[in-house]
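The block underneath contains the structure these notes are about, expressed in structure tokens.
Please read these numbers as outputs of a predicted model, since none were measured by experiment. Order of the sequence lines fixes the chain letters, A, B, ..., with proteins taken first and strands second; residue numbering starts at 1 for each chain. When reading the values below, keep in mind they use all heavy atoms of this one structure, side chains included, and skip hydrogens, waters and symmetry mates.
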There are 2 protein chains.
Amino acid sequence: MCANALKNMITLQKIAQLANVSVGTVDRVIHNRGRVSQKTADRIKRIIKELDYKPNILAQSLSLSRTREYNFGVLVPKPTQDGRYWELPVKGINKAREELNIYRVNTIYFLYDKYSEISFKKAFTKIFQSEKKLDGLIITPVLSQTAQDLIKKIPPDLPYVFLDSYIPQSNCLTYIGEESYQSGKLAATLMDILINSRGTIAAIKVRPKDNHLEDRVKGFRDYFKDKTNVTFKSFKANRKKDVRAFYNITRDIIKDIDNLKGIFVPNSTTYQIAECVKSYALDSGINIIGYDLVEENIFYLKKGIIKFLISQRSELQGYMCIYSLYKNIALHEKLKNKIMMPMDIITKDNIDYYHV
Amino acid sequence: MCANALKNMITLQKIAQLANVSVGTVDRVIHNRGRVSQKTADRIKRIIKELDYKPNILAQSLSLSRTREYNFGVLVPKPTQDGRYWELPVKGINKAREELNIYRVNTIYFLYDKYSEISFKKAFTKIFQSEKKLDGLIITPVLSQTAQDLIKKIPPDLPYVFLDSYIPQSNCLTYIGEESYQSGKLAATLMDILINSRGTIAAIKVRPKDNHLEDRVKGFRDYFKDKTNVTFKSFKANRKKDVRAFYNITRDIIKDIDNLKGIFVPNSTTYQIAECVKSYALDSGINIIGYDLVEENIFYLKKGIIKFLISQRSELQGYMCIYSLYKNIALHEKLKNKIMMPMDIITKDNIDYYHV
DNA sequence: ATTTACAGCGTGTGCGCTAACGCATTAAAG
DNA sequence: CTTTAATGCGTTAGCGCACACGCTGTAAAT
């Protein structure tokens with residue numbers, strides 16, 4: 001039984017035997033360490049391919065553990081921002097780090113204030129002053145304009161992945177996030193059902209400008225473009241000037257619009273809108289659709305004030321970022337350009353099963 | 001840098017040194033191999049706890065790979081049944097098996113016809129005739145009555161997990177599936193929104209009786225119990241007698257009920273209902289809500305005939321079954337009694353992101 | 001002609017853990 | 001009291017892989 005299992009194992013030993021060379025030579029071929037004549041190298045490569053040899057990752061990692069470790073820098077907003085939204089990807093990152101602990105994967109955080117350019121720049125420059133040599137980077141590039149410039153300063157030998165948002169022209173390994181436009185469309189179809197295809201709806205745009213959130217609103221708006229029975233209005237909340245901007249803008253919206261049937265909020269501050277609706281228009285039948293499974297959102301979802309939350313698997317996003325870096329850098333696996341998360345539709349009836 | 005990493009590693013060596021014994025002795029204590037005096041055993045255990053020692057799983061598995069392998073039996077319906085539904089968990093099982101390949105995890109399938117007791121019994125008895133000694137079992141206990149009797153015949157040293165459905169009184173390690181009743185309620189709230197809280201709706205019960213599906217219908221029905229503007233009717237489709245039972249029953253439903261606003265299908269054969277509605281009542285505005293991401297369901301979802309599909313992460317279920325067995329049996333980790341999957345709400349706007 | 005550089009190859013050690021082996025010592029059985 | 005079995009503990013050979021090390025032989029550089 002065991003013998004059988006072992007018999008199926010293809011080891012360097014076997015390859016060496018078949019190729020009539022030492023394991024050292026096989027090793028050199030596999031890792032392109034040179035010092036092997038073209039002829040023998042080709043022979044060995046052929047045999048490797050024929051046998052479909054896959055290194056035993058256990059032995060490999062165990063062996064490498066002596067010499068190699070991986071330090072990944074994480075440049076993300078402070079976890080407490082956006083209603084503690086950023087705790088979610090951070091949670092995923094930490095989970096992955098723990099799992100990959102045996103492979104000596106470490107994370108070094110560089111946190112910044114999402115609404116301050118200076119803070120972002122500061123965090124960015126700290127990356128290069130890190131005492132530990134970094135092997136990879138996770139970047140959440142909010143404040144698109146600023147990020148776009150800074151991203152160019154990253155040396156070409158330091159690979160990075162984008163989390164949540166991304167910069168179009170860049171050499172990132174991959175982008176892990178969500179199809180924002182489509183996500184807005186999804187929200188719109190849900191809203192359409194909720195309001196039975198008639199009435200006035202509002203969407204709240206977020207300042208400072210954020211392409212990611214902008215796209216969500218675009219997707220939402222476009223859906224309603226040729227629905228004649230639905231009136232669409234959009235408003236701006238400037239978070240930079242006022243932490244409670246979403247709450248305050250909502251008061252105006254409620255007051256000014258009659259026949260208001262729904263509000264769409266493209267980010268995790270949805271709870272502020274819910275809070276305001278609860279205070280000023282509880283029984284008005286305003287349907288709120290928003291984003292992300294932060295605690296306060298869940299609270300108002302369960303209360304029935306928020307009807308749908310769309311979740312982009314924030315935790316999984318962080319988790320996959322670390323894994324992607326590890327896979328690419330340590331295992332030399334290729335990555336997809338984009339890794340798009342599912343857009344989970346959350347209601348008060350299924351929320352309880354989304355807590356990991 | 002590396003030295004630092006290694007310094008943090010707690011090894012058997014270190015424990016042995018601290019306890020002033022050999023690694024062999026430490027090993028015996030850890031694995032309860034006996035042959036250690038109570039006194040030294042206690043001392044060693046204390047040290048292990050103090051240091052919070054965790055075995056290096058790489059080295060452990062590498063070492064064990066010489067002698068140990070794990071064979072898991074999988075007792076599930078033929079993958080092609082229920083509109084190829086069962087391919088999904090099987091896919092997950094295979095994926096997990098591949099990932100755990102390095103730990104020498106094998107799977108042995110025992111497939112049966114979901115609608116034939118004889119077939120189920122046959123597959124069940126084959127388990128005990130397996131030439132490979134089985135270390136664990138995955139069981140999907142459809143035909144609850146029959147399964148209930150057979151389950152008792154499993155020897156106590158053969159652990160098993162339930163997939164998809166479960167038998168209340170049993171010694172299973174865990175049940176991986178879905179909260180069926182709640183899932184029906186979720187479907188009901190969606191239906192309620194779709195039909196704007198008025199009209200007649202139908203649910204299709206499945207024969208032969210299946211507790212799992214029955215619970216979904218119960219959850220669905222209970223939601224509408226005190227909604228006076230909604231009339232609920234239920235029908236039975238006997239799949240045992242007729243593979244196209246769902247299609248045929250739908251024809252009757254459409255004909256007999258007027259003001260029909262929605263049909264709820266508690267299983268993956270939803271596409272048959274959609275097919276029928278498409279043929280006989282395309283523009284009637286009948287809203288269909290069903291289950292599971294099988295190909296044909298997705299087809300009608302994208303066409304807009306099925307409005308919502310609820311997915312219970314079928315692939316992940318299979319995946320987690322193997323992992324749970326491995327974790328419990330190989331790594332001696334405790335398992336939760338129940339592992340409940342999220343109930344994903346799928347529409348034509350987010351379906352594309354649920355394909356793994 | 002002599003040094004340097006490096007291709008070409010084998011060997012050996014260690015990553016942390018498991019489990020078999022071996023040798024004492026002690027308890028139980030005859 | 002002897003024989004056998006059970007207990008207590010140390011030692012060590014792998015598991016498959018990576019890589020430093022060391023030894024040749026050849027070609028280029030000096």
Problem set entry | Base D:dG14 to side chain B:Ser63, donor-acceptor N/O within 3.5 Å cut-off | yes
For this session: Please evaluate the base of D:dG10 for a donor-acceptor partner in the side chain of B:Arg28 within a cut-off of under 3.5 Å?
Result: yes
For this session: Could you check whether A:Thr40 gets within reach of a base, just the sugar-phosphate, or nothing at all, counting any heavy atom under 4.0 Å?
Result: sugar-phosphate
Exercise. Starting at CG of B:Leu331 and ending at P of C:dC17, how long is that distance when rounded to a whole Å?
Worked result: 14 Å
Exercise. Does the cation-pi check pass for A:Lys126 over A:Phe110, that is, NZ or CZ under 6.0 Å from the six-membered ring centre and within 45° of its axis?
Worked result: no
For this session: Name the residue closer to the 5' end of DNA chain D, choosing between B:Ala59 and B:Gly34 according to the nucleotide with the nearest heavy atom.
Result: B:Gly34
For this session: Assign A:Val21 to base, sugar-phosphate, or nothing according to its heavy-atom contacts below 4.0 angstrom with the strands shown.
Result: sugar-phosphate
Exercise. So does A:His31 get a side-chain nitrogen or oxygen closer than 4.0 Å to the phosphate oxygens (OP1/OP2) of D:dC19?
Worked result: no
Exercise. From D:dA18, D:dT11, C:dC17, pick the nucleotide closest to the side chain of B:Asn56?
Worked result: C:dC17
Exercise. Centroid-to-centroid, A:Tyr175 to A:Tyr166, below 6.0 Å?
Worked result: yes
Exercise. Do A:Arg35 and D:dG25 have a side chain to base donor-acceptor pair shorter than 3.5 Å?
Worked result: no
Exercise. Think B:Gln13 has a side-chain N or O under 4.0 angstrom from the OP1 or OP2 of C:dG16?
Worked result: no
For this session: Using a 4.5 Å cut-off on heavy atoms from C-beta on, say whether the side chain of B:Tyr354 contacts that of B:Ser311.
Result: no
Exercise. Would you call the rings of A:Phe128 and A:Phe124 parallel, tilted or perpendicular if under 30° counts as parallel and over 60° as perpendicular?
Worked result: tilted
For this session: Answer with yes or no whether A:Ser65 presents, from its side chain, a donor or acceptor under 3.5 Å of a partner atom in the base of C:dC15.
Result: no
Exercise. Under 4.0 Å between a side-chain N or O of A:Tyr53 and OP1 or OP2 of D:dG16?
Worked result: no
For this session: Could you check which of D:dT12, D:dA13, D:dG16 has an atom nearest any side-chain atom of B:Leu62?
Result: D:dG16
Problem set entry | A:Arg104 (side chain) and C:dG16 (base): donor-acceptor pair under 3.5 Å | no
For this session: Ignoring the backbone of B:Thr67, work out which of C:dA19, C:dT13, D:dG16 is nearest its side chain.
Result: C:dA19
For this session: Give a yes or no on whether the ring-centroid distance for B:Tyr103 and B:Tyr326 is below 6.0 angstrom.
Result: yes
Exercise. Under 4.0 Å between a side-chain N or O of B:Thr25 and OP1 or OP2 of D:dG8?
Worked result: no
For this session: Could you check whether A:Asp27 gets within reach of a base, just the sugar-phosphate, or nothing at all, counting any heavy atom under 4.0 Å?
Result: base
For this session: Answer whether the closest heavy-atom distance between the side chains of A:Ile15 and A:Ile44 falls below 4.5 Å.
Result: yes
For this session: Please determine if a side-chain N or O atom of A:Ser37 lies less than 4.0 Å away from the OP1 or OP2 oxygen of C:dC9.
Result: yes
For this session: Would you mind reading off the distance between A:Arg68 atom CZ and D:dA18 atom C1', rounded to a whole angstrom?
Result: 9 Å
Exercise. Out of C:dG16, D:dC15, C:dC15, which has the shortest distance to the side chain of B:Met9?
Worked result: C:dG16
For this session: Please figure out whether A:Thr11 or B:Val36 has its closest DNA chain D nucleotide nearer the 5' end.
Result: B:Val36
For this session: Give a yes/no on whether any side-chain N or O of B:Arg33 is located under 4.0 angstrom from OP1 or OP2 of C:dA19.
Result: yes
